[in-house]
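Before any comments, here is the structure.
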Protein chains: 2
Amino acid sequence: MKYLLALIGFVIVVSLALAEPAETTLAPVYQISPIGWVRKAADRTIIEIDKRYQPALLGLDELDTIWVLYWFDRNDTPKKRSILQVHPRANPENPLRGVFATRAPFRPNLIAMSRCRIVSVKDNIIEIDAIDAFADTPVLDIKP
Amino acid sequence: MKYLLALIGFVIVVSLALAEPAETTLAPVYQISPIGWVRKAADRTIIEIDKRYQPALLGLDELDTIWVLYWFDRNDTPKKRSILQVHPRANPENPLRGVFATRAPFRPNLIAMSRCRIVSVKDNIIEIDAIDAFADTPVLDIKP
């Protein structure tokens with residue numbers, strides 16, 4: 001009898017352990033890191049690429065414009081990342097919209113994208129005409 | 001003499017310990033998770049948005065086209081993420097280019113973007129005309 005109860009207990013514990021992952025089903029998490037940063041001086045806007053990624057710039061000087069993907073790092077809090085609807089341009093008179101229907105800097109994944117004109121590329125420095133991002137914003141990717 | 005040696009040893013150990021963070025300066029890491037997935041049926045391509053993000057779709061039905069940002073999940077290995085130069089379109093006759101000058105699916109941050117035409121939006125399902133992504137690819141963001 002004692003062994004039977006122990007066996008039943010064992011089966012229950014194993015069943016619960018096996019059942020748990022199926023019930024929680026956490027979304028996968030991917031990790032990203034800056035490949036550079038937006039820098040702003042008096043009259044210049046540059047993207048300073050991390051030296052270790054400089055080889056990834058080969059041929060970039062042949063392009064006129066690039067997509068710059070960056071991270072809304074100032075909004076990287078669970079609270080701000082949970083905002084799903086906004087009044088566009090922070091104007092309460094604009095009807096509520098889902099963040100996926102806007103370019104709002106509040107969204108589950110804080111990825112921003114801007115089309116920028118290249119002024120010059122030298123070593124690890126891309127000078128661009130302008131970008132709608134704060135100075136020292138982390139840059140995630142550059143694409144043609 | 002014994003105490004002096006101990007003191008020197010202590011100073012060296014503390015100096016090394018204090019110096020280490022400045023020398024390694026690890027890049028920050030940001031975490032992202034899928035907000036949905038690309039699904040492909042016989043003649044339909046849809047983006048299935050995670051139910052919890054459905055409120056973020058409000059107003060999306062007023063748009064004709066969207067940017068779909070997704071994750072090259074099949075290349076999420078340290079080795080593939082360290083590739084910085086490629087022969088475009090995997091053709092060795094194309095001169096080597098930095099990944100930031102191409103749309104290659106190998107890059108430090110595996111973010112992809114495609115412009116897609118909306119066919120319909122219903123509940124948490126966005127039907128689109130087509131997307132150059134594998135079935136079940138994780139979607140990171142939707143933007144106008």
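What you see is a predicted model; the values in this text were computed from it and never measured. Letters A, B, ... are given to chains in the order of the sequence lines, protein chains preceding strands, and every chain is numbered from 1.
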| query | Do other residues, nucleotides or ligands put more than 12 heavy atoms under 6.0 Å from A:Asp132 CG? | reply |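 Counting other residues, nucleotides and ligands, CG of A:Asp132 stays at 12 neighbours or fewer.
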| said: Does A:Lys79 have more than 12 heavy atoms from other residues, nucleotides or ligands lying within 6.0 Å of its NZ? | reply: no
Proximity breakdown for [X] and chain B, heavy-atom pairs closer than 4.5 Å:
X        : answer
A:Ile32  : both
A:Thr102 : backbone
A:Arg97  : both
A:Glu62  : side chain

Taking [options] one by one, which has the highest count of heavy-atom pairs under 4.5 Å against chain A?
options                            : answer
B:Leu69, B:Asp141, B:Val99         : B:Asp141
B:Val86, B:Leu60, B:Asp61, B:Asp50 : B:Leu60
B:Pro34, B:Ala56, B:Pro55          : B:Ala56
B:Asn109, B:Val29, B:Ile83         : B:Asn109

| field | Residue pair B:Leu96 / B:Gln85: nearest heavy atoms and the distance that separates them | value | CD2-OE1, 3.4 Å
| task | Evaluate the side-chain proximity of B:Asp129 to B:Cys116: yes if any heavy-atom separation is below 4.5 Å, no if none is. | result | yes
| message | Quick one, B:Arg103 and B:Met113 - any side-chain contact, counting heavy atoms below 4.5 Å? | response |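 SC-SC contact between B:Arg103 and B:Met113 confirmed.
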| request: Select one option (side chain, backbone, both, neither) describing which atoms of B:Leu63 are under 4.5 Å from chain A's heavy atoms. | output: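 Side chain only.
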| Residue part contacting chain A, namely of B:Pro108, when any heavy atom lies under 4.5 Å | side chain
| message | Run B:Arg117 and B:Thr65 through side chain to side chain donor-acceptor pair (under 3.5 Å) and show every step you take. | response | CA-CA 4 Å; B:Arg117 182 163 295 278; B:Thr65 52; 5.9 Å; no
| request: Using the ring of B:Phe134 (Phe, Tyr or Trp, six-membered ring only), decide whether B:Arg74 places NZ or CZ under 6.0 Å from its centre and within 45 degrees of its axis. | output: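 The answer is yes; both the distance and angle limits are met.
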| Proximity of A:Trp37 and A:Trp71 rings by center, below 6.0 Å |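 No - the distance between ring centres of A:Trp37 and A:Trp71 does not fall below the 6.0 Å cut-off.
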| message | With chain B as the partner, which of A:Ile49, A:Leu57, A:Ile35 has the greatest number of non-hydrogen pairs under 4.5 Å? | response | A:Ile35
